[in-house]
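We name chains A, B, ... by the order of the sequence lines, and we start the count at 1 in each one. What you see below is based on every heavy atom in this structure, not just the backbone, and it leaves out hydrogens, waters and symmetry mates.
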There are 2 protein chains.
Amino acid sequence: MDLKPLQHFLSLAETLHFGRASAACHISPSTLSRSIQQLEDKLGVSLFKRDNRSVNLTSEGIKFEKYAREALVQWSAIRNELMAESKELKGEISVYCSVTASYSFLYDILRRFRHRYPSIEIKLHTGDPDSAIDLVTSGKEDIAISARPDQLPTEIRFHSIGLSPLVFIGPASGEIETPQSLNDWSRTPMILSEKGIGRKRVDRWFTAKSVKPRIYAQVAGNEAIVSMVSLGLGIGVVPQIVLDNSPLSDKVQILDIKPWLAAYDVGLCVLEKKLKSPLIQAFWELL
Amino acid sequence: MDLKPLQHFLSLAETLHFGRASAACHISPSTLSRSIQQLEDKLGVSLFKRDNRSVNLTSEGIKFEKYAREALVQWSAIRNELMAESKELKGEISVYCSVTASYSFLYDILRRFRHRYPSIEIKLHTGDPDSAIDLVTSGKEDIAISARPDQLPTEIRFHSIGLSPLVFIGPASGEIETPQSLNDWSRTPMILSEKGIGRKRVDRWFTAKSVKPRIYAQVAGNEAIVSMVSLGLGIGVVPQIVLDNSPLSDKVQILDIKPWLAAYDVGLCVLEKKLKSPLIQAFWELL
DNA sequence: CAGGTTATTGCGTAAAATGATATATTTGCA
DNA sequence: TGCAAATATATCATTTTACGCAATAACCTG
């Protein structure tokens with residue numbers, strides 16, 4: 001029972017473009033090409049009319065599209081029906097994320113999942129966001145919430161759930177002026193993550209501006225940055241989502257500094273292999 | 001798009017017996033066992049309740065049975081619809097059989113096929129029935145009509161279309177008496193195939209009876225046997241189907257000689273591999 | 001006609017399926 | 001109770017299939 005070819009077909013029918021469709025399916029163009037060819041062989045008709053520059057559904061392809069959608073819906077339906085009946089998808093899923101994420105993104109997801117699969121236990125672990133990918137890769141956690149790293153390991157599947165701008169913040173009191181000139185920058189004390197995606201982006205930003213920042217403190221955890229900035233120790237860089245969920249958000253202000261830093265692409269990570277497990281797959285399909 | 005697991009499931013749901021179900025699917029029991037396990041993994045529920053002695057559908061299995069049937073029907077339907085629309089399943093299929101078979105069994109099959117797929121050309125070759133299996137195995141012919149040999153090559157799929165008794169015949173004039181005693185047998189001239197399944201069965205029959213027959217002629221082709229017998233040269237052994245289609249059938253008579261020879265199991269042969277081809281598959285599914 | 005884009009195809013590698021054999025557990029019968 | 005038969009599953013070696021990279025060929029655009 002393998003319905004991947006149907007998904008491939010539908011993806012290609014939507015995009016009419018092998019490159020984009022294959023990317024959407026997380027496969028290579030050649031695999032997609034052959035997947036379609038096999039379908040066509042089994043059906044005995046060609047589903048797409050394609051020259052080297054364009055792709056279009058044939059009349060048979062249009063008919064098959066209906067079938068493919070229905071077939072996938074029905075499979076999904078029987079799957080859910082059976083799972084629902086034996087409410088025993090007993091087991092547990094471990095989820096790792098930062099404290100902030102547990103307040104914001106995670107809440108809705110877990111509520112839905114809990115409602116749908118009440119017998120599945122979720123073990124929630126919070127900690128350093130920068131460890132998230134490693135913990136998933138090594139299999140210590142099933143799922144993690146993390147910002148998408150610049151290059152995603154191939155064995156990781158990522159599902160974006162939102163963008164959060166990376167913003168400069170200063171104390172609300174205004175006791176530290178927004179830096180303008182290069183000179184300002186070299187005088188203003190900075191409070192930065194000691195590592196991680198955010199730190200890398202900030203470093204690149206400074207390099208592009210040819211500024212050597214005066215680093216006052218390097219800390220672990222965005223929440224700590226907010227604390228220190230609110231105390232007037234310097235200006236910092238945090239994802240806006242952290243501010244939205246911080247009790248100190250009225251003690252700091254977002255600074256209008258350009259160019260903007262590239263936003264965080266926050267989403268869920270899971271090991272590709274684990275998507276075969278019914279539990280993990282059930283979770284993933286709720287997204 | 002692989003629906004084999006569904007067929008496996010349905011087969012097991014019918015028989016509730018791994019051995020018989022796997023035989024029906026032309027796979028080994030272990031393959032069937034794993035096929036079911038994989039389905040259950042994907043669904044997250046168990047479809048059969050089985051101890052080491054019995055197999056039974058679970059309540060989920062019963063629901064899934066409905067789904068499986070429908071899914072197969074729908075797949076078959078879209079397949080036929082698409083094929084029918086593009087009446088171009090253009091291509092050709094080569095069929096090999098004996099002259100007799102071309103008169104009897106083949107007629108109905110070809111008529112249905114021609115009606116369903118008018119654009120497929122059928123190349124019909126007639127010849128020695130004993131070569132049929134070899135021609136299919138070597139790929140020289142797509143499909144052949146043949147009696148099922150005592151042991152079928154594993155790569156050949158056989159579909160029975162009828163039994164034809166293997167009968168002793170003598171001249172209608174009665175000028176040759178039906179042999180009774182061992183002595184009679186050693187005096188009566190026999191006209192036999194020089195090789196082939198029929199000849200083997202006859203040889204075994206004589207061996208079991210401890211008779212050494214007096215062989216008058218060994219010929220190629222059952223039609224030739226009928227001719228010689230009708231001329232009164234001896235008694236022979238042919239499949240009854242040959243008589244039914246022979247213009248000489250009133251010149252010979254069937255002799256009441258016991259024990260009966262095992263009947264021919266006549267059917268179609270195809271190379272397992274070729275069933276993947278849409279043309280061959282279309283033909284095969286009409287049976 | 002040149003340059004870039006894009007579906008397809010060869011090919012080497014990795015993963016999966018398959019069937020023969022072995023194992024464990026249960027049932028039937030003595 | 002103990003022995004034998006039956007049978008679903010596990011293991012392993014082999015074959016088959018899938019996958020992605022890189023190269024190819026065909027086509028559009030300027």
Side-chain angles (χ1 to χ4, degrees), chain A residues 1-42 46-58 61 151-157 271-277, chain B residues 1-9 11-42 46-58 61 139 151-157 271-277:
Chain A
M1 199 57 196
D2 181 14
L3 300 180
K4 278 182 211 159
L6 289 188
Q7 295 168 334
H8 298 169
F9 167 82
L10 286 179
S11 184
L12 182 58
E14 277 183 33
T15 63
L16 296 178
H17 188 291
F18 275 78
R20 282 187 274 280
S22 63
C25 297
H26 306 285
I27 57 176
S28 72
S30 63
T31 299
L32 177 61
S33 177
R34 273 186 274 251
S35 187
I36 299 295
Q37 284 175 29
Q38 287 176 14
L39 254 186
E40 290 177 330
D41 280 350
K42 287 212 177 194
S46 66
L47 299 168
F48 296 95
K49 195 173 33 183
R50 40 208 197 267
D51 54 45
N52 298 47
R53 195 68 176 177
S54 70
V55 179
N56 278 101
L57 280 167
T58 62
Q151 45 185 3
L152 201 60
T154 56
E155 72 269 26
I156 293 267
R157 184 69 72 82
L271 218 46
E272 184 94 32
K273 285 182 186 179
K274 290 204 176 182
L275 282 177
K276 290 177 185 169
S277 144
Chain B
M1 201 56 197
D2 181 16
L3 298 180
K4 278 181 213 159
L6 289 188
Q7 295 169 333
H8 299 168
F9 167 82
S11 184
L12 182 58
E14 275 184 32
T15 63
L16 296 178
H17 187 292
F18 276 78
R20 280 186 277 279
S22 63
C25 297
H26 305 284
I27 58 177
S28 70
S30 62
T31 298
L32 176 61
S33 178
R34 267 170 308 197
S35 187
I36 300 296
Q37 284 175 35
Q38 288 175 14
L39 255 186
E40 290 177 329
D41 280 350
K42 288 211 177 193
S46 67
L47 298 168
F48 294 95
K49 194 173 37 177
R50 41 212 196 266
D51 53 43
N52 297 27
R53 193 68 177 179
S54 71
V55 179
N56 278 99
L57 281 167
T58 61
Q151 46 185 1
L152 202 60
T154 56
E155 71 270 24
I156 294 266
R157 184 70 71 84
L271 217 47
E272 183 94 34
K273 285 182 185 176
K274 290 205 175 180
L275 282 177
K276 291 177 185 168
S277 145

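Remark: P of C:dT8 and CD1 of A:I27 are 13 Å apart, rounded to the nearest angstrom. What separates CZ of B:F48 from P of D:dT9 is a distance of 10 Å, to the nearest Å. When rounded to the nearest whole Å, the span between CZ of A:F18 and P of C:dT9 equals 10 Å. Computed from coordinates, the B:I36 CD1 to D:dA8 P distance equals 11 Å when rounded to whole Å. Counting to the nearest Å, the P atom of C:dA15 and the CG atom of A:D2 are 17 Å from each other. To the nearest angstrom, P of D:dT16 lies 13 Å from NZ of B:K4. Rounding to whole angstrom units, NZ of residue B:K42 and C1' of C:dA16 are separated by 12 Å. When the P atom of C:dA17 is taken as reference, atom NE2 of B:H8 falls 12 Å away, rounded to whole Å.
The shortest side-chain heavy-atom distance between A:L12 and A:R50 does not fall under the 4.5 Å cut-off. In this structure, B:M1 and A:D2 have side chains that are not in contact, with every pair of non-hydrogen atoms separated by 4.5 Å or more.
Comparing A:D51 and B:H26 against DNA chain C, the residue whose closest nucleotide sits nearer the 5' end is A:D51. Heavy-atom distances to DNA chain D give each of A:L32 and B:L16 a nearest nucleotide, and the one nearer the 5′ end belongs to B:L16. Judged by closest nucleotide on DNA chain D, B:S54 is the one of B:S54 and B:K273 placed further toward the 5' end.
To the nearest 0.5 Å, the span separating CG on B:D41 from NZ on A:K276 amounts to 11.0 Å.
Taking every side-chain heavy atom of A:R53 into account, D:dC27 is the closest of D:dA8, D:dC27, C:dT8.
Looking only at atom types and distance, the side chain of A:S33 has a donor-acceptor partner in the side chain of A:Q37 under 3.5 Å away.
For A:S28 and D:dG20, the shortest distance from a side-chain N or O to OP1 or OP2 is below 4.0 Å. For B:S30 and D:dT9, the shortest distance from a side-chain N or O to OP1 or OP2 is not below 4.0 Å. Distances shown here put a side-chain N or O of B:R50 below 4.0 Å from the OP1 or OP2 atom of D:dT9. Close to C:dT8, at under 4.0 Å from its OP1 or OP2, lies a side-chain N or O of A:S33. A close approach under 4.0 Å does not occur between any side-chain nitrogen or oxygen of A:Q37 and OP1 or OP2 of C:dA7. In this model, the phosphate group of C:dA17 is approached by a side-chain N or O of B:Q38 to a distance below 4.0 Å at OP1 or OP2. The shortest distance between the side-chain N/O atoms of A:K276 and the OP1/OP2 oxygens of C:dA16 is below 4.0 Å. Within the structure, every side-chain polar atom (N or O) of B:R34 is placed at least 4.0 Å from both OP1 and OP2 of C:dT18.
A donor-acceptor pair is defined here as one N or O able to donate and one able to accept, closer than 3.5 Å; such a pair exists between the side chain of B:E40 and the backbone of B:L47.
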